[in-house]
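Read the structure below first, then the notes.
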Amino acid sequence: MDYINTFWIGGLICALVQILMEKTKLMPGRIMVLLVCSGVVLSAAGIYAPFQEYAKAGASVPLLGFGNILWEGVKKAIDAEGFLGIFKGGFTAGAAGICAALVFSYLSSFLFESKMKR
């Protein structure tokens with residue numbers, strides 16, 4: 001049942017984002033920022049943890065999950081280091097994901113030839 005919940009929740013998130021991309025004039029970068037910030041807000045409100053427990057990877061893999069990771073890192077760093085944790089927590093918690101994105105995008109630039117859209 002976990003696989004089914006993961007699949008339909010992740011698919012629902014992707015479908016809603018696709019509708020947002022098709023029906024609005026928002027640029028993809030702004031939509032991604034909206035998703036990350038929504039994940040942070042939902043985490044701060046205490047809504048995202050039960051949602052992630054139910055949906056597993058269907059909720060933790062999309063950009064909403066990245067916002068959740070940033071919030072959890074900031075919250076933990078504030079508890080440990082005080083005010084300075086606001087600036088350090090997100091970087092510490094999200095370092096592995098950010099590093100992986102940079103490394104894999106750099107490697108793919110060697111394998112594929114990029115072209116500008118017209």
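Throughout, numbering of the chain's residues begins at 1 and tracks the sequence.
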Next on the checklist: Once rounded to the nearest 0.5 Å, what's the spacing between atom CD of Gln52 and atom CD1 of Ile9?
Outcome noted: 12.0 Å
Item to check | side-chain contact (heavy atoms from CB on, under 4.5 Å) partner of Leu35, the single match among Val40, Leu20, Val17, Leu16 | outcome: Val17
Checklist entry - Does a side-chain heavy-atom distance below 4.5 Å link Met21 with Ile31? => result yes
Checklist entry - Any chain of hydrophobic side-chain contacts (each under 4.5 Å) joining Leu63 to Ile47? => result yes
Checklist entry - What's the spacing between Leu70 CG and Cys37 SG if we round to 0.5 Å? => result 9.5 Å
Checklist entry - For the hydrophobic clusters of this structure (ILVMFWY residues joined by side-chain heavy atoms under 4.5 Å, transitively), does one cluster hold both Leu26 and Ile13? => result yes
Item to check | Linked, directly or transitively: Phe66 and Met32 (ILVMFWY side chains, under 4.5 Å) | outcome: yes
Checklist entry - What do you reckon, are the aromatic ring centroids of Phe87 and Phe91 less than 6.0 Å apart? => result no
Checklist entry - Do you reckon Phe51 sits in the same ILVMFWY cluster as Met1, going by side-chain contacts under 4.5 Å, direct or chained? => result yes
Checklist entry - Are Val61 and Trp8 connected, step by step, through hydrophobic side chains (Ile, Leu, Val, Met, Phe, Trp, Tyr) whose heavy atoms are closer than 4.5 Å? => result no
Next on the checklist: Could you check whether atom NZ of Lys56 has more than 12 heavy atoms from other residues, nucleotides or ligands sitting under 6.0 Å from it?
Outcome noted: yes
Item to check | Ser108 side-chain N/O to Ser105 backbone N/O, donor-acceptor pair under 3.5 Å | outcome: yes
Next on the checklist: Applying the side-chain contact (heavy atoms from CB on, under 4.5 Å) criterion to Ser43, which one of Leu64, Ile69, Val74, Asn68 satisfies it?
Outcome noted: Asn68
Item to check | Pairwise side-chain contact, Val36 with Trp71, heavy-atom cut-off 4.5 Å (strictly under) | outcome: no
Checklist outcome for this item: To the nearest 0.5 Å, atom CG of Asp79 lies from atom CD of Glu81 at 10.5 Å
Item to check | Phe83 and Ile78: CA distance, side-chain angles, deciding distance, side chain to side chain contact (heavy atoms under 4.5 Å, CB included) verdict | outcome: CA-CA 6 Å; Phe83 182 74; Ile78 288 173; over 6 Å; no
Next on the checklist: When you measure from the side chain of Tyr48 to the backbone of Gly65, do you find a donor-acceptor pair of N or O atoms at a distance under 3.5 Å?
Outcome noted: yes
Next on the checklist: My understanding is that only one of Asp2, Thr6, Asn5 makes a side-chain contact (heavy atoms from CB on, under 4.5 Å) with Tyr54; could you say which?
Outcome noted: Asn5
